[in-house]
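Please read the structure below before turning to the comments.
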Amino acid sequence: GRAGFAAAEDDEWSAVLELDGVEMMDLPNGQSSIITTTAATVSEKSSSSESLSDKGSSDLKKSFDAVVFDVLKVTPEEYAGQITLMDAPVFKAIQPEELSSCGWNKKEKHSSAPNVVAFTRRFNQTSFWVVREILHAQTLKIRAEVLSLYIRTAKKLCDMNNLHAVMAVVSTLQSAPIFRLTKTWALLSRKDKATFDRLDYLMSKEDNYKRLRDFISSQSMVSCIPYLG
């Protein structure tokens, strides 16, 4: 259960350090400014500092970073829209034979089911991004604000019927590095907690994702990006 993930808030910084070893994947269409590795960020700052010769330039760069890389500067609606724009063409490229042959489970999956593999990669990219941005927050208050942002983003993704991305976000928020941040979760508003609980209920694995399958059936006349499992 979720209680098993609970840990002292002091452990949150160790989770940040643990994440440093995770290799993130660049998003297509120039979105790499959102998902990056911690190592790449450190390297970028190091190389930039070598090229800046005065304090004025350093202050300018600091100001630029704050504007470009502050995840809270973008609305949930915009995040959901951009994620869906990146997911949709990858999903549409999947061929029926890739699914019927279960090619993604085979050793030669990159040749037998390349588009399913790419779709799975999109799931992982979204997950890594969510984890990184939450754990990268410098204070408890900011971390809670970022967590709230992703819950609201998941809700907007659900409104857009991008169930693939909804699962990516919700499952990430349920993962050990995030769900154990008990003090961060305690700062969420009652509305955000209720929203997360509803999404968690919808995306439950119970009865082979019966609630999710029923939801998709109820949306039979509306297009969606499904979660393939």
Side-chain angles (χ1 to χ4, degrees), residues 1-2 5 24-25 27-29 31 34-35 71-72 74-94 99 104 115-135 143-181 184-185 188-229:
R2 294 175 176 172
F5 293 136
M24 304 298 184
M25 304 176 184
L27 289 178
N29 303 325
Q31 297 296 320
I34 295 178
I35 300 180
V71 70
L72 295 173
V74 182
T75 66
E77 292 83 0
E78 186 65 24
Y79 278 132
Q82 292 300 314
I83 290 171
T84 301
L85 284 173
M86 289 185 284
D87 286 347
V90 182
F91 171 65
K92 290 171 66 177
I94 296 175
L99 301 176
W104 66 90
N115 297 301
V116 175
V117 171
F119 198 50
T120 301
R121 186 179 300 116
R122 279 291 307 132
F123 185 99
N124 293 335
Q125 288 170 345
T126 301
S127 296
F128 289 151
W129 169 56
V130 172
V131 170
R132 182 187 182 280
E133 292 299 338
I134 293 175
L135 298 184
R143 193 176 303 123
E145 290 176 354
V146 176
L147 177 59
S148 172
L149 172 73
Y150 284 123
I151 291 174
R152 287 178 284 125
T153 298
K155 173 62 169 60
K156 293 300 179 182
L157 286 165
C158 191
D159 292 342
M160 294 179 179
N161 279 336
N162 186 349
L163 303 177
H164 174 260
V166 174
M167 181 62 83
V169 176
V170 171
S171 63
T172 299
L173 298 184
Q174 293 173 322
S175 65
I178 304 302
F179 209 83
R180 70 182 182 180
L181 307 179
T184 300
W185 284 91
L188 288 178
S189 68
R190 188 173 302 175
K191 181 179 179 181
D192 285 338
K193 290 178 181 177
T195 298
F196 177 75
D197 287 341
R198 286 195 299 271
L199 292 172
D200 182 24
Y201 180 83
L202 173 64
M203 309 307 288
S204 171
K205 296 180 180 180
E206 187 177 339
D207 293 332
N208 194 25
Y209 299 98
K210 183 179 186 305
R211 297 185 191 117
L212 181 58
R213 289 186 283 111
D214 289 345
F215 177 79
I216 293 176
S217 296
S218 71
Q219 305 289 314
S220 59
M221 299 303 293
V222 181
S223 60
C224 76
I225 302 178
Y227 171 62
L228 296 183

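Residues meeting the ring pair (Phe, Tyr, Trp, His ring centres under 6.0 Å) test with F91, sequence neighbours left out: F119. Partners of R213 according to the salt bridge (Lys or Arg N to Asp or Glu O under 4.0 Å) rule, which considers only residues two or more places apart in sequence or in another chain, do not exist here. Remark: A118 engages V90, R121 in a side-chain contact (heavy atoms from CB on, under 4.5 Å) (not counting sequence neighbours). K210 meets the side-chain hydrogen bond (donor to acceptor under 3.5 Å, both in side chains) test with D214; sequence neighbours excluded. Scanning for salt bridge (Lys or Arg N to Asp or Glu O under 4.0 Å) contacts around E145 gives K141, with sequence neighbours left out. Considering only residues two or more places apart in sequence or on other chains, K191 meets the salt bridge (Lys or Arg N to Asp or Glu O under 4.0 Å) condition with none of them. Taking the side-chain contact (heavy atoms from CB on, under 4.5 Å) definition, one finds that A168 meets it with F123, T126, S127, sequence neighbours left out. Partners of D87 by salt bridge (Lys or Arg N to Asp or Glu O under 4.0 Å), not counting sequence neighbours, listed by chain and number: R122. Take I178 and apply the side-chain contact (heavy atoms from CB on, under 4.5 Å) test, not counting sequence neighbours, and it matches V131, I134, L135, L147, L173, S175, W185.
Exactly one residue among V166, N161, T84 makes a side chain to side chain contact (heavy atoms under 4.5 Å, CB included) with I225. That residue is T84.
For residues 163-173, there are no salt bridge (Lys or Arg N to Asp or Glu O under 4.0 Å) pairs, not counting sequence neighbours. For residues 157-177, every residue pair satisfying the salt bridge (Lys or Arg N to Asp or Glu O under 4.0 Å) rule, not counting sequence neighbours, is listed here: K155-D159.
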